[in-house]
2 protein chains.
Amino acid sequence: MKIKKFIIKGKEIIMQSAREQFFQYLARKKLRFTSQRAIIFDVFWSVDGHVSPEELYRLTKEKDRSIGQATVYRTLKLLSDAGIAREVDFSDGVTRYEPYYGQKHHDHLICQECGKSVEVVDPRIEKLQEELAWQHGFTLSGHSMYLYGCCSQCSGKQA
Amino acid sequence: MKIKKFIIKGKEIIMQSAREQFFQYLARKKLRFTSQRAIIFDVFWSVDGHVSPEELYRLTKEKDRSIGQATVYRTLKLLSDAGIAREVDFSDGVTRYEPYYGQKHHDHLICQECGKSVEVVDPRIEKLQEELAWQHGFTLSGHSMYLYGCCSQCSGKQA
DNA sequence: TTATTATTGATTTTCAGTATCAAATTTTTT
DNA sequence: AAAAAATTTGATACTGAAAATCAATAATAA
Ligand SMILES: [Mn+2]
Ligand SMILES: [Mn+2]
Ligand SMILES: [Zn+2]
Ligand SMILES: [Zn+2]
């Protein structure tokens, strides 16, 4: 109970900082922190998952019917540029975004049966990726890695 | 010279086997090895790179004006299912296909300046990926990994 | 032959994402 | 304050990739 409270509080604090970072980013670029952007940010943050622009648009409209779809797309791009959100692509045809602020880098392990995704990271892999790029004379600026398979639950059902 | 000849001959042999495998696959599925499919296969194989369906459609029409775009899409799907081609996604908005028959698995290192791509593979990474999935109770069926960066040529130019 | 099945190319449709643009809002300058 | 400049917005139109539809063919089986 106490732990949960702590976690929740931690999340709020992070949310505040992320919001602040968004604000700072906009200021730096001489852009405005409008009410629409605030609403979209808040909804995006409250979802806290891997959400597509269209899903977010739907959710946002529940808070404010007047917000346009284009603004949602635009705001997600801004959040991306501000380093608060990240695009993820689970190869199922839709691009999603995930909150990325205050989160360590991670990759995804995806169950192709039920669609469940697990966030994973292996420092040894990350290191080897750097090495590998280096060997080919590349300066690595990023990577995307998705592991596809079948989770234990889905494996169980099948057998 | 001798080496080159050997390689070329090797490539032809591989092409023959790939064609054969395509044929076998179609037979197994009770599908037909039509002239259109043969042409599309041949052109695809002769390109030998990372080609988009639209590019392939254009190239194919040079051989046979009557071939339809839908057939190119369909045939690429078939080649994929037959394990002869593989989809690749360099995150530049277009899906490409590469010949995959007789080729070892590989991942891609991509220069974001000039678009050049290098095929790479590191068995240690592959092993760790398996491990990682295993630890989460997943049975791994595949993965996609793209390393993005800047190649030595492009780095040189900038500085 | 006749019936069945698979294939094709043209066309339409879908869908995500982008571009456009006039109206509205905010900021800056007089 | 008023006017001018800059930014933002939402509606709408548009794009391009990919899939679905469908009538016409072609190949195969009965
Ligand atoms: Mn994630
Ligand atoms: Mn390749
Ligand atoms: Zn599952
Ligand atoms: Zn380069």
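Order of the sequence lines sets the chain letters (A, B, ...), proteins ahead of strands, with each chain counted from 1. Keep in mind that what you see is a predicted model, and the values were worked out from it rather than measured.
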Round to the nearest Å and state the distance from [X] atom [atom1] to [N] atom [atom2].
X	N	atom1	atom2	value
B:Lys30	C:dT7	NZ	C1'	17 Å
A:Tyr57	C:dT18	OH	P	16 Å
B:Tyr25	C:dA6	OH	C1'	14 Å
A:Lys29	D:dT8	NZ	C1'	17 Å
A:Asp92	C:dC15	CG	C1'	14 Å
B:Leu26	C:dT7	CG	C1'	12 Å
A:Leu56	C:dA16	CG	P	14 Å
B:Ile67	C:dT7	CD1	P	15 Å

### Message
Test of understanding: with salt bridge (charged side-chain N to carboxylate O under 4.0 Å, His left out), list the residues that count as partners of B:Asp107, not counting sequence neighbours.
### Response
none

### Message
Just to verify, what does A:Asp92 make a salt bridge (charged side-chain N to carboxylate O under 4.0 Å, His left out) with, not counting sequence neighbours?
### Response
A:Arg96

### Query
Which ring-ring contact (aromatic ring centres under 6.0 Å, His included) pairs, counting each pair once, include a residue from residues 117-144 of chain A, with sequence neighbours left out?
A:His105-A:His143

### Query
Are any of B:Thr71's side-chain N or O atoms less than 4.0 Å away from OP1 or OP2 of C:dT8?
no

### Message
If the cut-off is 4.0 Å, is A:Gln36 near the phosphate of D:dG10, judged by side-chain N/O to OP1 or OP2?
### Response
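For A:Gln36, the contact criterion (side-chain N or O under 4.0 Å from OP1 or OP2 of D:dG10) is met.
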
### Query
Which residues satisfy the side chain to side chain donor-acceptor pair (under 3.5 Å) test with A:Lys61, sequence neighbours excluded?
A:Tyr57

### Task
Could you say whether B:Leu31 or B:Arg65 is positioned toward the 5' end of DNA chain C, judged by the nucleotide with the nearest heavy atom to each?
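Checking each residue's closest nucleotide, the 5'-ward one belongs to B:Leu31.
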
### Task
Remember a base hit wins even if backbone is also touched, and classify B:Ser66 as base, sugar-phosphate or nothing at under 4.0 Å, heavy atoms.
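Here B:Ser66 touches the backbone only, sparing every base.
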
### Task
Quick one: closest heavy-atom pair of A:Gly115 and A:Ile110, and the distance?
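So the two residues come closest at O-CG2, 4.5 Å.
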
### Summary
Per-nucleotide protein contact along nucleotides 14-30 of chain D, 5' to 3', at a 4.0 Å heavy-atom cut-off (B base, S sugar-phosphate only, - neither), is ---SBS-B-----BS--

### Message
Check whether B:Arg37 reaches the backbone of B:Arg32 with its side chain - one donor and one acceptor, N or O, closer than 3.5 Å.
### Response
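At least one qualifying donor-acceptor pair exists.
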
Give every donor-acceptor pair under 3.5 Å between a side-chain atom in residues 68-83 of chain B and any protein atom, sequence neighbours left out.
{"residue": "B:Gln69", "atom": "NE2", "partner": "B:Glu54", "partner atom": "OE2", "Å": "3.2"}
{"residue": "B:Tyr73", "atom": "OH", "partner": "B:Glu54", "partner atom": "OE2", "Å": "2.8"}
{"residue": "B:Thr75", "atom": "OG1", "partner": "B:Thr71", "partner atom": "O", "Å": "2.7"}

